[in-house]
Amino acid sequence: MIIQTGMRTDIPAFYHEWLINRLKAGFVLVRNPYNPLSVTRYSLSPDVVDLIAFCTKNPSPMLPHIDVLQPYGQYWFVTITPYGREIEPNVPDREKVMEDFKRLSGLVGVDSVGWRYDPVFVNERYSVEWHIEEFSKMSETLSGYTKTCVISFIDIYKKVAHNFPEAGEVSREDRLRLGREFVRIAAEYGMTLKPCAEGDELAPFGADCAGCMTTATFEKALKRRLNPPSVKKNQRRGECACLLGVDIGAYDTCGHLCRYCYANTSGERVRENMKRHDPQSPFLIGKSIPGEVVHNASQKSWIDRQMRLDPDGLCR
């Protein structure tokens, strides 16, 4: 099975010590975000966890501890954008993150790391022309360290509308122009452009619209075939075809406080939750509470153990 760490928060950036402790302990407790008394206990044994997937804006704190992850397959998406502090107040400088990206690529392999340039929004300061210029410079820097770049255009979720009220949807004209140029630039630097939950709009330009965290993505990282359970398309208006697995994070806990974030309600709530974090707790935030019910997750490996001749080299 797949364990996700980054759909609700940024664990490598802010909670790497906790994650290391949980991996060593062999389990984690995850509170249902919609029913706090319902808790799921997930085993973190490599016998059932085939791969751990990360989405982070700052992999640096985890890099000295990458050996702890050796028993697991890994896939890392690192989001690197060129926005200013008024948009991403606590994200490290992009030059530093790009250097960390290169180091990470060397540690886990080029097939286990992808670059996310998202979300894309357009305004007077961050124009279409500006995005094309910055994307080109960053693509050149990251060339050879990944084969994948994922983009998405901003979605105005309820939390986004509250924290970033001046943001607006990107027009179709601008999406097509940006998509066409991004596909061209990515290809120039050895990357495939993958739109995230954007339908097939950019397919005519050569974008891979099959999804960004798909079964094929994880198989390439593992160099093994997977037999995951059948799932329907999920999230984001049914456009997401990714194999998400289960997420061990929690909402309202990401200290980057990006204004476009869909996972944070407010900076105040994030700061309060971060004060409740204990690296020794089996929960990311807080501890056990009266009345909670813990149930063990049903888990098994998805790796296909059947031996076959495979021209893709995914299973021996």
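Just so it is clear, the model here is predicted, and its values are computed rather than measured. Any value given below was found using the heavy atoms of this structure, including those in side chains, with hydrogens, waters and symmetry copies removed.
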Exam field: side chain Gln299 to backbone Val49, donor-acceptor pair closer than 3.5 Å:
no

Hey, is Arg184 close enough to Glu181 for a salt bridge, meaning N to O under 4.0 Å?
yes

Atom pair SG/CZ of Cys55 and Arg116 - distance to nearest 0.5 Å
5.5 Å

For Thr5 and Ala53, indicate whether the former's side chain and the latter's backbone hold a donor-acceptor pair under 3.5 Å.
yes

Cationic N near anionic O, under 4.0 Å, Glu88 to Lys57:
no

d(Gln4 CD, Ile2 CD1) to nearest 0.5 Å is 7.5 Å

Is there a chain of hydrophobic side chains (I, L, V, M, F, W, Y, each step under 4.5 Å between heavy atoms) that links Val246 to Phe283?
no

Is Asp278 close to Lys287 at the side-chain level, that is, under 4.5 Å between some pair of heavy atoms?
yes

For Cys254, does its backbone N or O pair with a side-chain atom of Asn264 as donor and acceptor, under 3.5 Å?
yes

Measure up the Phe164 and Phe121 rings against each other and bin them: parallel (under 30°), tilted (30 to 60°), perpendicular (over 60°).
perpendicular

Can you tell me how far apart CG (Leu142) and CE (Met98) are? Round to the nearest 0.5 Å.
6.0 Å

With no hydrogens and no angle check, do the side chains of Glu292 and Ser288 hold a donor and an acceptor under 3.5 Å apart?
yes

Can a donor-acceptor pair be found, under 3.5 Å and without considering hydrogens, that links the side chain of Asn227 to the backbone of Asp304?
no

All heavy atoms of Pro59 vs all of Val97, minimum pair found to be CD-CG1, 4.4 Å

Residue pair Arg177 / Ile132, side-chain heavy-atom distance below 4.5 Å:
yes

At what distance, to the nearest 0.5 angstrom, does CG of Asp118 lie from OH of Tyr260?
7.5 Å

Looking at Glu86 and Arg125, is there a salt bridge between them, counting it only when a charged N and a carboxylate O are closer than 4.0 Å?
yes

Are Leu63 and Phe101 connected, step by step, through hydrophobic side chains (Ile, Leu, Val, Met, Phe, Trp, Tyr) whose heavy atoms are closer than 4.5 Å?
yes

Between atom CG of Asp50 and atom CZ of Arg224, what is the distance when rounded to the nearest 0.5 Å?
9.0 Å

Please tell me if the side chains of Thr56 and Thr79 come closer than 4.5 Å, counting only heavy atoms from C-beta onward.
no

For the student: nearest non-hydrogen atoms of Arg31 and Pro36, plus distance
NH1-O, 2.6 Å

Nearest non-hydrogen partners of Ile156 and Ala161, listed with the distance
CG2-CB, 3.9 Å

I'd like to check Val150 versus Phe77 (side-chain heavy atoms, cut-off strictly below 4.5 Å). Are they in contact?
yes

Counting only heavy atoms not in His162 (residues, nucleotides, ligands), do more than 12 fall under 6.0 Å from its NE2?
no

Counting only heavy atoms from other residues, nucleotides and ligands, does the tally under 6.0 Å from CZ of Arg85 exceed 12?
yes

Here the pair of heavy atoms bringing His131 nearest to Val122 is CD2-CG2, 4.4 Å

One thing to verify: whether Glu272 and Lys275 come together as a salt bridge, which I'm taking to mean a side-chain N less than 4.0 angstrom from a carboxylate O.
yes

Taking the inter-plane angle between the rings of Tyr117 and Phe135 on a 0 to 90° scale, is it parallel (under 30°), tilted (30 to 60°) or perpendicular (over 60°)?
perpendicular

Could you check Arg175 against Glu169 for salt bridge (Lys or Arg N to Asp or Glu O under 4.0 Å), going step by step and ending with a plain yes or no?
CA-CA 10 Å; Arg175 293 198 308 270; Glu169 301 280 359; over 6 Å; no

Under a 4.5 Å cut-off applied to non-hydrogen side-chain atoms, are Lys102 and Thr141 in contact?
yes

How close do Cys196 and Cys212 get, counting heavy atoms only, and between which atoms?
SG-SG, 4.0 Å

Ring centres of His256 and Phe14 under 6.0 Å apart?
yes

Pi-cation contact, Tyr75 with Lys220 (under 6.0 Å, within 45°)
no

Stepwise, does the side chain to side chain donor-acceptor pair (under 3.5 Å) test hold for Ser152 with Glu198?
CA-CA 7 Å; Ser152 70; Glu198 297 293 342; 4.9 Å; no

Mind checking whether Val28 and Ile20 sit in one hydrophobic cluster, side chains of I, L, V, M, F, W, Y counted as touching below 4.5 Å?
yes

Is the backbone of Val113 close enough, under 3.5 Å, to the side chain of Thr146 for a donor and an acceptor to pair up by distance?
yes

Return yes if some donor-acceptor pair links the side-chain N/O of Tyr72 with the main-chain N/O of Leu44 below 3.5 Å, else return no.
yes

Hey, is OH on Tyr145 packed in by over 12 heavy atoms from elsewhere, all under 6.0 Å?
no

Could you check whether Arg225 pairs with Glu219 (Lys NZ or Arg NE/NH1/NH2 to Asp/Glu carboxylate O, under 4.0 Å)?
yes

How long is the gap from CD1 on Ile248 to CE on Met7, to the nearest 0.5 Å?
13.5 Å

Give a yes or no answer on whether the side chain of Arg94 reaches the backbone of Thr81 with a donor-acceptor pair at less than 3.5 Å.
no

In short, Val160 meets Asp155 closest at the heavy-atom pair CG2-O, 3.7 Å

So does Glu268 have more than 12 non-hydrogen atoms from other groups sitting under 6.0 Å from CD?
no

Determine whether the side chains of Tyr126 and Glu134 contain a donor N or O and an acceptor N or O closer than 3.5 Å.
no

Between Thr217 and Thr214: side-chain donor-acceptor atoms closer than 3.5 Å
yes

Closer than 3.5 angstrom, by distance alone: can the side chain of Asp174 be matched with the main-chain N or O of Val170 as a donor-acceptor pair?
no

Same apolar cluster: Val30 and Val294, side chain cutoff 4.5 Å:
no

Do Thr40 and His295 have side-chain N/O donor and acceptor atoms under 3.5 Å apart?
yes

Validation row: Trp76, Ser112 side chains within 4.5 angstrom (heavy atoms)
no

Test your reading of the model: is there a side-chain donor-acceptor pair from Gln74 to the backbone of Leu51, 3.5 Å cut-off?
no

For Thr148 and Gly114, indicate whether the former's side chain and the latter's backbone hold a donor-acceptor pair under 3.5 Å.
no

Before accepting this row, confirm whether a basic side-chain N of the pair Arg269/Asp252 lies closer than 4.0 Å to the acidic partner's carboxylate O.
yes

Salt bridge flag under 4.0 Å for residues Lys137 and Glu140
no

Are Phe182 and Phe153 linked, directly or through other ILVMFWY residues, by side chains that come within less than 4.5 angstrom of each other?
yes

May I ask you to check whether Thr253 and Asn273 show a side-chain donor-acceptor distance below 3.5 Å?
no

Min side-chain heavy-atom separation Ile80-Trp115 under 4.5 Å
yes

Output, in order, the C-alpha distance, side-chain angles, deciding distance and verdict of side-chain contact (heavy atoms from CB on, under 4.5 Å) for Tyr15 and Met274.
CA-CA 10 Å; Tyr15 307 106; Met274 293 182 81; 3.3 Å; yes

Checking Arg22 against Phe27: charged group under 6.0 Å from the ring centre and within 45 degrees of the axis?
yes

Is any side-chain heavy atom of Phe54 closer than 4.5 Å to a side-chain heavy atom of Leu19?
yes

Between the side chains of Asp208 and Thr192, is a donor N or O closer than 3.5 angstrom to an acceptor N or O?
no

